[in-house]
Amino acid sequence: MSDVVEDIRRLLDPILGSLGLSLWDIEFKKEGPRRILRVTIDRESGVSLGDCEAVSRDLGAALDVEDAVSSSYTLEVSSPGLDRTLFKPEHFVRFAGKMIRIKTYQSIDGQKVFRGRLLGAGETTVRLEPEKGGVLEIPFQEISKASLEVEL
């Protein structure tokens, strides 16, 4: 599957570049009896329905021409949303200053769920200012899920 994902990424890069978009995530997996190719796109100024349609159309055509996926699949193209999941170090750097929620595999100071202001990320840790104050450093390998909190 990783070779297929790399082939898809190779086809996707020029499409996204021409539209001023970037790749947030790509998944190709089996869900029930069918395979799903899920492509999540992003742009600093936001992603429109038209952007998703254009990527779907162009990527679908490129996949057909290149015959990159040998089995049948469903292509889904979407935006990561306002409450997007953060999973790469560069995501944590980009959204420094935003409110996030982090769940950890193991308890840290008797707690496994943290909400606070993201201060940034280093090579191995995320820095968070919890709502109760202070600064907490959470190792990347301890994070089971991290997502932005919608601020009103």
Side-chain angles (χ1 to χ4, degrees), residues 1-32 34-60 63 73-152:
M1 285 279 207
S2 64
D3 288 343
V4 172
V5 169
E6 283 309 310
D7 288 345
I8 294 166
R9 188 181 312 268
R10 181 181 51 79
L11 294 171
L12 193 54
D13 283 344
I15 294 168
L16 295 177
S18 71
L19 297 169
L21 296 162
S22 62
L23 181 64
W24 186 263
D25 193 22
I26 186 168
E27 289 181 297
F28 185 55
K29 63 184 185 178
K30 189 169 173 136
E31 289 185 0
R34 59 189 193 143
R35 294 195 182 279
I36 304 289
L37 172 55
R38 198 168 280 129
V39 175
T40 309
I41 58 176
D42 196 25
R43 179 188 296 130
E44 286 281 333
S45 61
V47 174
S48 70
L49 180 59
D51 294 328
C52 293
E53 290 170 344
V55 170
S56 181
R57 179 189 61 244
D58 294 351
L59 178 59
L63 289 168
Y73 63 93
T74 300
L75 174 60
E76 296 177 359
V77 178
S78 66
S79 133
L82 295 176
D83 59 348
R84 66 188 63 205
T85 300
L86 309 177
F87 51 90
K88 295 178 183 175
E90 55 265 25
H91 294 165
F92 291 93
V93 171
R94 176 177 166 191
F95 290 100
K98 300 291 186 185
M99 291 296 290
I100 67 168
R101 177 185 166 113
I102 296 177
K103 291 182 183 179
T104 58
Y105 293 112
Q106 304 291 323
S107 292
I108 298 174
D109 298 332
Q111 191 175 340
K112 289 177 80 173
V113 178
F114 303 89
R115 185 175 184 279
R117 185 93 31 213
L118 176 62
L119 298 176
E123 289 184 31
T124 60
T125 61
V126 170
R127 292 184 51 234
L128 179 73
E129 180 182 359
E131 292 177 307
K132 63 185 177 194
V135 174
L136 181 64
E137 290 207 14
I138 303 173
F140 280 117
Q141 74 244 18
E142 288 299 319
I143 297 174
S144 66
K145 184 175 182 181
S147 57
L148 290 180
E149 294 273 296
V150 178
E151 296 183 72
L152 302 173

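Index from 1, following the sequence. Every heavy atom of this structure was used, including side-chain atoms; hydrogens, water molecules and symmetry mates were not.
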Legend entry - Any side-chain heavy-atom pair of Tyr73 and Val4 under 4.5 Å: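 The answer is no; the side chains never approach within 4.5 Å.
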Legend entry - Minimum side-chain heavy-atom gap Leu148-Leu82 below 4.5 Å: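 Answer no - side chains too far apart.
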Legend entry - Phe95 ring center near His91 ring center (under 6.0 Å):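 That pair fails the under 6.0 Å test.
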Separation of [Y] [atom2] from [X] [atom1] (nearest 0.5 Å):
X      : Y      : atom1 : atom2 : result
Phe28  : Arg38  : CZ    : CZ    : 11.5 Å
Leu16  : Arg9   : CG    : CZ    : 10.5 Å
Ser22  : Glu90  : OG    : CD    : 10.0 Å
Ile102 : Ile143 : CD1   : CD1   : 4.5 Å
Leu118 : Arg127 : CG    : CZ    : 9.5 Å
Ile8   : Leu59  : CD1   : CG    : 7.0 Å

Inset, instruction - Among Asp51, Ile41, Val55, Val47, find the one that has a side chain to side chain contact (heavy atoms under 4.5 Å, CB included) with Leu19. - result: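 Only match with Leu19 under side chain to side chain contact (heavy atoms under 4.5 Å, CB included): Val55.
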For [X] and [Y], indicate whether the former's side chain and the latter's backbone hold a donor-acceptor pair under 3.5 Å.
X      : Y      : result
Ser144 : Lys103 : yes
Glu151 : Met99  : yes
Arg43  : Ser48  : no

Legend entry - Note: Glu129-Arg117 ion pair, threshold 4.0 Å (strictly below): no
Using a 6.0 Å cut-off, check whether atom [atom1] of [X] has over 12 heavy atoms from anything other than its own residue.
X      : atom1 : value
Ile36  : CD1   : yes
Gln106 : CD    : no
Arg101 : CZ    : no
Lys88  : NZ    : yes

Testing the basics here: between [X] and [Y], what is the closest heavy-atom pair and its distance to 0.1 Å?
X      : Y      : result
Pro80  : Thr40  : N-CG2, 3.4 Å
Leu11  : Ile15  : O-CD1, 3.4 Å
Cys52  : Ser78  : SG-CA, 3.8 Å
Leu37  : Ile26  : CD1-CG1, 4.1 Å
Ile108 : Ile138 : CD1-CG2, 4.0 Å
Gly122 : Phe140 : O-CE1, 3.4 Å

